[in-house]
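A short worksheet on the structure shown next.
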Amino acid sequence: MKITKAVIPVAGKGTRFLPATKQVPKEMLPILKRPMVDYVVEEAVLSGMNEIVFVISTGKESILDYFDRNLELEQYLNKNGKEELAQKVYEIGTKIEVISVRQKEQLGLGHAIACAESAIGNENFAVILGDDIVVGDNPVSSQLAKASAAFNNKSVIGVMEIDKNLTNKYGIVDGVKVDEYPSSFKMNSMVEKPAPEDAPTNLATPGRYILTPEIFKCLKEIPRGVGGEYQLTDAINMLAKEDNVYAHIFEGDRYDTGTIEGYLKATVDFALKNEETKEVMKKILKEVGK
Ligand code: UTP
């Protein structure tokens, strides 16, 4: 089954980046010259998912505008001999169909995904968090979609192996290794932020999922969970009781750009990998290292 739709929830309040996020969506904060959500959309497109369902809230409209055309700016750049830049600006939204749904109250990630039901219908779909970037040769949502196809189109949760001491920062998968497909597990359950001594594995879930539409029924049935929010983890646990759910260790470098540490790390790493900025970043690092 080819998966063409990706849900990107971007309706959160972004409190860790206040006061910037008083007016600018966190997902629009730039890493080098591109907003972080642009990297996330690029992953979806490279994974063959061209229908992007943004879950937005009041004040997040600039994300939709970013993926629309800005004819005035294109004309200005063309008139002023900046044709290459004009082309770059033109191309931004051309590879995707933008669908937007509203989350009227920020009641958690599970609630945000539930808001996308009418846009998804009865198809499998990807969820890619709007403030979480994974880079590598092989786009991570594509890796998960392939694993899902190998598992009879069942749900697959993207996981990464972490230091056992850090399990209290993540959702951790409890599962049993399977032979049918590499680096994969049949999931028993997901445990939210367990202490290292209670953690069933070191497989953390940073925010990449392939889900079957049955998840929507679970999202409607779950009660409010941790922090009074509707947790996607709770709905996946419910789904895992009714159907096979798998976890797959993906390849790639992951940056939690929703935190200051992850944001700074992505900025430095991306600048060091970029031809235009790598020398200047090396120079800065050398100077501040003194
Ligand atoms: P986060 O918990 O990292 O985002 O959710 P947040 O709530 O905006 O951040 P802080 O804690 O206040 O700083 C991960 C992703 O899920 C979206 C966010 O926009 C983010 O991209 N999200 C979260 C929603 O769309 N709706 C919600 O109710 C919660």
Side-chain angles (χ1 to χ4, degrees), residues 1-8 27 29-52 67 88 91-96 124-151 153-163 166 170 173 177-185 201-211 246-259 261-282 285:
M1 183 193 292
K2 187 164 160 35
I3 297 170
T4 59
K5 289 182 179 165
V7 175
I8 304 185
E27 298 79 7
L29 296 176
I31 297 175
L32 300 189
K33 293 182 187 173
R34 294 164 59 194
M36 61 173 91
V37 69
D38 196 40
Y39 295 90
V40 171
V41 167
E42 182 181 43
E43 175 193 320
V45 171
L46 291 172
S47 302
M49 300 158 190
N50 296 74
E51 292 166 75
I52 306 294
F67 291 100
K88 218 180 222 176
E91 278 171 12
I92 289 169
T94 53
K95 296 192 181 79
I96 59 170
N124 285 6
F125 63 102
V127 172
I128 313 181
L129 295 195
D131 63 348
D132 203 288
I133 300 175
V134 184
V135 287
D137 296 335
N138 194 354
V140 52
S141 291
S142 158
Q143 296 175 43
L144 300 184
K146 277 188 195 133
S148 171
F151 290 124
N153 300 314
K154 296 295 180 188
S155 297
V156 175
I157 317 301
V159 290
M160 57 183 195
E161 291 176 292
I162 58 159
D163 188 312
L166 299 176
Y170 294 92
V173 162
K177 193 138 185 13
V178 292
D179 297 326
E180 299 102 286
Y181 198 73
S183 309
S184 299
F185 302 79
T201 65
N202 67 337
L203 300 171
T205 57
R208 292 293 185 280
Y209 312 84
I210 300 293
L211 296 171
Y246 296 88
H248 177 71
I249 302 176
F250 61 79
E251 287 167 17
D253 298 324
R254 184 253 178 176
Y255 300 88
D256 182 2
T257 49
T259 68
E261 185 181 343
Y263 181 79
L264 291 176
K265 188 165 177 356
T267 303
V268 173
D269 279 4
F270 290 12
L272 286 172
K273 284 184 192 135
N274 184 294
E275 279 308 314
E276 203 183 312
T277 51
K278 73 177 182 197
E279 290 312 322
V280 71
M281 182 50 91
K282 276 189 203 160
L285 291 176

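Rounding to the nearest 0.5 Å places CD1 of I157 at 14.0 Å from CD1 of I249. Rounding to the nearest 0.5 angstrom, the gap separating the CG atom in L144 from the OG atom in S184 is 9.5 Å. Considering CD of E161 and CG of N202, their distance stands at 5.5 Å, rounded to 0.5 Å. Here the CD1 atom belonging to I8 is positioned 11.0 Å from the CG atom belonging to D131, to the nearest 0.5 angstrom. We find the CE-CG distance between M36 and L129 to be 12.0 Å, quoted to the nearest 0.5 Å.
Between D38 and F67, some side-chain heavy-atom pair lies under the 4.5 Å cut-off.
Judged as a ring pair (Phe, Tyr, Trp, His ring centres under 6.0 Å), and not counting sequence neighbours, the contacts of Y255 are F270. Residues meeting the side chain to side chain donor-acceptor pair (under 3.5 Å) test with S183, sequence neighbours left out: none. For K95, the salt bridge (Lys or Arg N to Asp or Glu O under 4.0 Å) criterion is met by no residue, not counting sequence neighbours. Every ring pair (Phe, Tyr, Trp, His ring centres under 6.0 Å) that Y246 has, sequence neighbours left out, goes to F151. For T277, the side-chain contact (heavy atoms from CB on, under 4.5 Å) partners are L32, A271, N274, V280, not counting sequence neighbours. With sequence neighbours left out, E275 forms a salt bridge (Lys or Arg N to Asp or Glu O under 4.0 Å) with K278. Under the side-chain contact (heavy atoms from CB on, under 4.5 Å) criterion, S148 pairs with N124, V156, I210, sequence neighbours left out. A search for salt bridge (Lys or Arg N to Asp or Glu O under 4.0 Å) contacts involving D253 returns nothing, not counting sequence neighbours. With sequence neighbours left out, the side chain to side chain donor-acceptor pair (under 3.5 Å) criterion links K33 to E276. By the salt bridge (Lys or Arg N to Asp or Glu O under 4.0 Å) test, K265 pairs with D269, sequence neighbours left out. With sequence neighbours left out, the ring pair (Phe, Tyr, Trp, His ring centres under 6.0 Å) criterion links F125 to F216.
For K88, the NZ atom sits in a loose shell: 12 or fewer heavy atoms of surrounding residues, nucleotides or ligands are nearer than 6.0 Å. No more than 12 heavy atoms of other residues, nucleotides or ligands sit less than 6.0 Å from atom CD of E251.
Although no hydrogens or angles enter the test, the distance criterion places no donor-acceptor pair under 3.5 Å between the side chain of T259 and the main chain of T257. No donor-acceptor distance shorter than 3.5 angstrom exists from the side chain of Y263 to the backbone of L29, with no hydrogens or angles considered. Between the S47 side chain and the M49 main chain, no donor and acceptor come within less than 3.5 Å of each other. Remark: side-chain polar atoms of E51 are not paired, donor with acceptor, to backbone N or O of A6 under 3.5 angstrom. Side chain of H248 to main chain of K146: no donor-acceptor pair is present (N/O by atom type, distance under 3.5 Å, no hydrogens or angles).
Contact between M281 and T267 at its shortest, heavy atoms only, is CE-O, 4.2 Å. In plain terms, the two heavy atoms of V178 and E180 that are nearest each other are CB-OE1, 3.3 Å. The heavy-atom pair separating D132 from R254 by the smallest distance is OD2-NH2, 2.6 Å. Smallest separation of non-hydrogen atoms from I3 and A126: CG2-N, 4.0 Å.
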Which donor-acceptor pairs under 3.5 Å do side chains of residues 39-46 form with protein atoms, sequence neighbours excluded?
residue, atom, partner, partner atom, Å
Y39, OH, I31, O, 2.7
E42, OE1, R34, NH2, 3.1
E43, OE1, R208, NE, 3.0
E43, OE1, R208, NH2, 2.9
E43, OE2, S141, N, 3.2
E43, OE2, S141, OG, 2.6
E43, OE2, R208, NE, 3.0

Q | Candidate pair V268 and L285, rule side-chain contact (heavy atoms from CB on, under 4.5 Å), full reasoning | A | CA-CA 9 Å; V268 173; L285 291 176; 4.0 Å; yes
